Amino acid sequence: MRFVPPLASVIGSQVDGLFWFLCGLSAFFAALIAGTILFFCIRYREGADADRSHPPPRNLPLELTWIAIPFAIMLGVYWRGAQLFLRERKPPPDAQQVLVVAKQWMWKTQQSNGRAEINELHVPLGRPTKLLMTSQDVIHSFFVPAFRLKQDVLPDRYTTLWFTPTRVGEFRFFCSQYCGMGHASMIGRVVVMRPKDFEKWLASGRTPGAPQEQDPGRILFRRKGCVACHRKVDGQGPPLEGIFGKTVLLSDGRTIVADEDYLLESILYPAAKIVAGYPNIMPSYKGQLTPEEESQLVSYLERYGTGRQKEPRP
Amino acid sequence: MTSGPRLYAMVYAALLFLLGATFVIARVDLGAFNTVAALAIAWLKMGLVVAYFMHLRDADRLDAMLFASGFVMLLFVLLALTLGDYFGRVWLAG
Amino acid sequence: MSDARAHYLNAGHSMRSWLLTKDHKRIALLYLASVTALFFVGGSAAVMFRLQLLTPHGHLVLPETYNKLFTLHGIVMVFFFLVPAVPTVLGNFLIPLMIGAKDLAFPRINLLSWYLFIAGAALALGATLYGGVDTGWTFYTPYSSVFSNTYVVATVMGIFVAGFSSILTGLNFIVTIHKMRAPGLRWFRLPLFVWAIYATSFMFVLATPVLAMALLLVGLERVLHLGIFNPALGGDPLLFQHFFWFYSHPAVYIMVLPAMGVISELIPCFSRRRLFGYEFVVMATFGIAFLGFLVWGHHMFVSGQSAFAGLVFSFLSFVVAVPSAIKVFNWTATLYKGRIRFHTPMLYALGFIGLFTIGGLTGLFLATLGVDVHVHDTYFVIAHFHYIMVGGSVMAYLGGIHYWWPKISGKMYPDALGRWAAVLIFVGFNLTFFPQFIVGYLGMPRRFYMYPPEFQVYNVFSTAGASILALGYLLPLGYLLWSFWYGPDAGDNPWGASGLEWKTSSPPPVRNFETKPVVDEEPYDYEGGRYG
Amino acid sequence: MKGDGMAESTRAFAEQFDDPLQQKEAAQAGMWVFLVTEVLFFGALLTAYTVYRHLYPAAFREASRRTDLALGSINTAVLLTSSFTMALCVHAAKTGRRAALVALLALTMALGAGFLAIKGVEWAREIHEHLLPGPSFEFPSAYPGEAGRQAQLFFVLYFVMTGVHALHLVIGIVLLGVLAFFAALGRYRSDYYTPVEVAGLYWHFVDIVWIFLYPLLYLVGGPR
């Protein structure tokens, strides 16, 4: 009989630490309250001969004490919880990236070299991995108990999740946001491999005789001719190298941080937000890309010009 | 004079004046100030209606408190915290 | 009921005298009958899915049936039992009695509320008979507004209509408590139950319309294919979640505040003590009611809501824990130097404190951002809110029913049997829901009709506990009904309790009091008191 | 003042109350509480509006320029006038002038109906211009695609907000009709006119909702 799930991520052990602290705290207070009640119930039961003189109607210092002490403890817990949360939300810049697409009722994952899997996700041990996730229909949620992580996966939007696996092995992941009939069957497994095995596995997905270039986003980027306008210098469109996470000044004076949703919007509806100093000439790619291709392109743009646009070296 | 046709007529005139004002201001491009002005005038109009037509000025304090509680809830809670999420998506990206 | 004295029960025996009554006490009984029936409807759904979950690949029902079962359970229990139960049954019966009034301010609107409630329930249950709805009680878009093929519109309209029942009930209570208190009954002489219902009424009035509008928009979106919450049409599904939880988190406090009000009556009565720190408990009641509106975003920590909002909502959620803790400590301190008797209602009250404490403490886990990310949407959450809603609200509701039953019916039930039932419910409840904390932390997500085998052992415990719990709930149904007709007369004040409702005869006369009461004492005037 | 001595229809107050003043105060407080509920009912829509306007400012500006500013402004004046006549209704009831009360109630109803008629013309025009959200929606814009989608959201909110408001107005008109009927029968006197007063509160509230809808829906576009 297990009481906690297997533990396989760096953040996971920190979450467990806080969890056990909370368990101890709760046990202490529950025992304190239950014990006091029990004691009073026995001591002051109707037939008992106890001193009942001068029962206090109220006691201000006591009230203030039992307001202040729990509040102080809670502030500490809040602080630690927020710290972990912010850590969970901020992927390191060197994380390798995997695209996760959810739909009723399966998970599709794709490595940056194009290798795709259904309801499986292979990741290397000890290296940070970032999942770029979107849904094709309703809201799902990607949940890996062994990593102590989950994140809802939304349609027409991107959310991310990142982790550094600490144990080789296979761990379950679930869909934890109810998504219809097959919700309970959206189960898969994360396979954590030694980096060497992982590279081997990654390379083995390459179909023999296929061109060297496998990153589907990069292929699309070339095929659609994006670079014709989005050149590093003197392009008709703004340069895209290292665009991800940068603050962009728009023509109406607003600024915006270039996140995944902004990148997607600019591919599908370029005129919605025009970068200051550039003309509104880009055609819309709405309908010209499948939802999956959109995600691949966004995923590629995220890595573009950062030295990570190439697939991991074998 | 807390109520009576003369007072009502004055309030009515003020309301029409404010309507005219908001209409005129809206025809001048003041950027973001357009919205601010339009909403400020709307609040003013509401204040007049509530205070004079609905007699909140002489209603007992409970009514005032209830009405205020509705607005407090709406403005500072529903609007503020919901918008907090949307603004927060920019403030604390990620 | 052989006594010749006229009271509200023998004031008329025709169907008409019940269905067109404007007497708050009779309307309370109409509600009692309806919510009890609905409780057993929701309960049977629970029994069925607990049986399904006995084995990892439960073959009892089809997946789509399972999904409809937990949806039915959630909708019926939340909207048609927990939210209305204490306010409409105990509140309706007791508020005018406790403040010395002849009736609520708007008796006809009170009756209308009951009819709206029944109409709403009929719509929602009618949809179930036609084939059910499978969205979960949360109706998350775009699943509910676009993808589900079930009777979403009829169901949300049912909840919409029942929402107006809540609003009108709250309106009635607010006005009644404000305008119709007996001479001398100053605000700080009000019993805690009245305070609790007063605060709850504000939540009814302020929160329900937002849910009503959100559900209306979901309905419109489904029927007319508009896109307010549909991302494919530019809408944001998270906005629906904001609206939904703006109601549904306060709804938790709507369920638990009146329950706390009941407990604040029971503990002083059976300890023969004035409630410790009366003013603090009043302030905590309003603290909870207000702060309860500020924390809904903790249902959305992993939803894609901004990290900023997460930080704010997490902090506010910790703050709301403080007034709840204040109440628990004050109830405990009330026992000190008391003269404690363990009648059935008191057992429920003590059980409430224990279970509510566990529910509250595990709430801290969920308010803690880093930990919530792991346990969110798992059975940990299920266990937590059942400790609050079932361990809290239902225990208090049953405690209240047992406490005021002699007033309601004029009869006494067998106390020994009552105590056994209370213990059975307490044990059954813990056996059902405590294992769910563990299986939740292990990672079992909610709303799964099948699950990996490593979760089975805890599910077996849960199902076993559920059967004990079901038995525990059937017992009071049996002996309370029996006592209503055949029980011994209880007398006007069998517990020797303070409070205006005990100063009139049992069952009370149609107009509640023979002479208008005048209050000249502080609440819970038990000092030095003995029983009877 | 004994309740039982009077005929059923003219009893000064209902039996659950102690005196007429208590009844009057209760009725007023009840309506105020109801209006608080209404504030949040519309509040949800206003929040949705604010969120989407924050997300899609350009499209909302552009879309709101397509509303009929002239008719919208005239309608605002009509509704403000009806609030004025409603206030006069209450005054007439208070001073016990039955004929004036009936006439003013009728005038207020007529103004309400006038508002609905003008609103109907606007809706018809907008539907004709393919601004009704749905498959027939068309929004020629500088930003094809996305802006159309976003403008459609504006019109979803526009139709829902004005629709719910119109529904409230219809209820108000019916309410005033009932009052006018009883007023003609002489039911309201200078010492009992609570229903007129309470209905007045409701009517003014419906006016206030429009006071906010007008700038939000018609004026955000800025100069046209």
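Letters A, B, ... mirror the listed sequences (proteins, then strands); counts begin at 1. Since the structure is predicted, the reported quantities are computational estimates derived from the model, not experimental observations.
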* Asked: Once you round to the nearest 0.5 Å, how far does CH2 of C/Trp296 lie from OG1 of B/Thr82?
  -> 4.0 Å
* Asked: Can you tell me how far the CD atom of C/Gln305 sits from the OH atom of B/Tyr86, to the nearest 0.5 Å?
  -> 9.5 Å
* **C/Phe290 CZ: over 12 foreign heavy atoms closer than 6.0 Å** => no
* Structure fact -> Max heavy-atom pairs within cutoff under 4.5 Å with chain B, candidates C/Leu316, C/Leu294, C/Val210, goes to C/Leu294
* Asked: Would one find more than 12 heavy atoms of other residues, nucleotides or ligands at under 6.0 Å from atom CZ of B/Phe33?
  -> no
* So which part of C/Phe246 gets closer than 4.5 Å to some heavy atom of chain B, the side chain, the backbone, both or neither? -> side chain
* Asked: Where is the tightest heavy-atom contact between B/Asp85 and C/Ser306, given as atom of each residue plus distance?
  -> OD1-N, 2.8 Å
* To do: Decide side chain to side chain contact (heavy atoms under 4.5 Å, CB included) for C/Phe313 and B/Leu81; before the verdict, give the C-alpha distance in whole Å, the side-chain angles of both, and the deciding distance to 0.1 Å.
  => CA-CA 9 Å; C/Phe313 281 121; B/Leu81 285 177; 3.7 Å; yes
* **C/Val205 versus chain B, the contacting section by heavy-atom distance below 4.5 Å** => neither
* To do: Tell me, yes or no, whether the heavy-atom count around C/Phe315 atom CZ, taken from other residues, nucleotides or ligands under 6.0 Å, exceeds 12.
  => no
